*Asks:* 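Below: one structure in structure tokens.
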Protein chains: 2
Amino acid sequence: MPESTRTAPDLAGAAPGLFDMATPRGRLLRIAARLFGEKGFAGTTVRDIAAGLGIQSGSLFHHFRSKEDILFAVMEMVVEAINRDLAEAVAAAPDTAGRVRALIAVELHYLHGPASDATSVLFHEWRALPKARRSVLMNGRAAYFDLWQTVLAEARAAGLTPIEPEILRQLLHGALAWTSFWYRPGGALTPEALVERALALALKDEGRAS
Amino acid sequence: MPESTRTAPDLAGAAPGLFDMATPRGRLLRIAARLFGEKGFAGTTVRDIAAGLGIQSGSLFHHFRSKEDILFAVMEMVVEAINRDLAEAVAAAPDTAGRVRALIAVELHYLHGPASDATSVLFHEWRALPKARRSVLMNGRAAYFDLWQTVLAEARAAGLTPIEPEILRQLLHGALAWTSFWYRPGGALTPEALVERALALALKDEGRAS
DNA sequence: AGGATAACCAAGCAAGCGCTTGGTTGAGTT
DNA sequence: AACTCAACCAAGCGCTTGCTTGGTTATCCT
């Protein structure tokens, strides 16, 4: 499939995901992310993960100290990558509407591109972490939330939306996160078209739907 | 707290939830819903539920044949109730925008009113059910989805949104479902104000935010 | 008074869970 | 040739899981 070069960031080398498939650790994280995404963290056993790798369940603990550490590693990886790409994409956008579109495009790209498994784990399984680790993750995401809020405040000042930035951010985040339950790329609705629909939802008078 | 009498339905007698607190079965479902909502289905044990009722874990199986049956009963109860209230509220609304507001208000009322635990279980834990039972639930929700889509199609025909009804329905459903992770009634943002924000998100030129 | 029944307890079983242990293998280094 | 070490296996430990069993108690119906 061809790249979407206009607004979405280039994740290039990370093609089969954000994990290094050359190392056992990377392969482990990849299938763990897939299983956690499919059956949830509590619904996935270390034996499931081991079976996916073709090794014994005990051998997992040569690479990670606990099942929870695996979940945390998956999430940390996504947080770092998404932070980087989001800042890049926003900096490259020419105007306010372009920045909002960039935010949406990056988030949807993570939710449905090569990193989809790991991203939906980050979005949907944070309750499985103890509070201490949850707040570590939230610290890592602070920059991400700030960026959204800054751009949305800019949009509101420009008259593109009447909704307060922090509320709009949460509503949009929910709308986008939920797409992992119903949207599948490859169908009639292209990823680019989905970005435009979400943008039409976020901003007045930017709708080019249908 | 006073009722919101304008558009939200009156759930009256169901005050402490939608469960009949006079029966052991109702009390069981109530605390099961709370625990499933807090820790997830797989993260909740039958011993947790029993402890919440002050009985032995084995005694649960006098009321339900399996843990999964408990989850299913919680979900069925919400599906029935929400279907009924949604149809009522939409029928009572005077115009298109009012019908969209009614849809949003009912959904948010279920997510944050007395039935909040059970509703967020329905929205977030359906993956814990085997596919056969999932499709039983989906059949029960068909009327619900149809209603949303009909009203949103009407809104689009009236020029209130450029987004296709089925896509808008999914995006809005995500935005609303996600509020259970961040919104708490009793704070600065009232439930009524949240409804207006969500309405401003759904429809053009209906924004009265700030 | 006698019988049926709903609601529970006390005890525990079989299976599955996360994780540990001690040992093996094979590629890389010197 | 001797050594190191990452990557794994085979076995199983201690615990928790959902659920079963046989029996007890209180309430209601007749």
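Note that this is a predicted model, so its numbers are computed, not measured.
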*Asks:* Tell me whether B:E125 is salt-bridged to A:R127, with the criterion being a basic N under 4.0 Å from an acidic carboxylate O.
*Replies:* yes
*Asks:* Could you give me the CA-CA distance, side-chain angles and deciding distance for B:R133 and B:D69, then say whether salt bridge (charged side-chain N to carboxylate O under 4.0 Å, His left out) is met?
*Replies:* CA-CA 10 Å; B:R133 292 196 131 173; B:D69 279 8; 2.9 Å; yes
*Asks:* For the residue pair B:H124 and A:W178, does the interplanar ring angle fall in the parallel (under 30°), tilted (30 to 60°) or perpendicular (over 60°) class?
*Replies:* perpendicular
*Asks:* Tell me which of B:R47 and A:S57 sits closer to the 5' end of DNA chain D, going by the nucleotide each one is nearest to.
*Replies:* A:S57
*Asks:* Give the rounded distance in Å between these two atoms: NE2 of B:H63 and C1' of C:dA6.
*Replies:* 8 Å
*Asks:* Identify whether any heavy atom of A:S66 sits under 4.0 Å from a base atom; if not, whether one sits that close to sugar-phosphate; answer base, sugar-phosphate or nothing.
*Replies:* sugar-phosphate
*Asks:* Please tell me if the side chains of B:V78 and B:F123 come closer than 4.5 Å, counting only heavy atoms from C-beta onward.
*Replies:* no
*Asks:* What are the bounds, 5' to 3', of the part of DNA chain D that sits under 4.0 Å from heavy atoms of chain A?
*Replies:* D:dA6 to D:dG12
*Asks:* Could you tell me if the side chain of B:M138 sits less than 4.5 Å from the side chain of B:F145, heavy atoms only?
*Replies:* yes
*Asks:* With nearest nucleotides of DNA chain C determined for B:T23 and A:R65 from heavy-atom distances, which residue corresponds to the more 5′ nucleotide?
*Replies:* B:T23
*Asks:* Within residues 36-45 of chain B, find the residues that approach DNA chain D with a heavy atom at under 4.0 Å, and present them sorted by residue number.
*Replies:* B:T44, B:T45
*Asks:* For the residue pair A:S57 and A:A50, what are the closest heavy atoms and their distance?
*Replies:* CA-CB, 3.4 Å
*Asks:* To the closest 0.5 Å, what do you measure between CD (B:E196) and OG1 (B:T190)?
*Replies:* 9.0 Å
*Asks:* Under 4.0 Å between a Lys/Arg side-chain N and an Asp/Glu carboxylate O for B:D146 and B:R169?
*Replies:* no
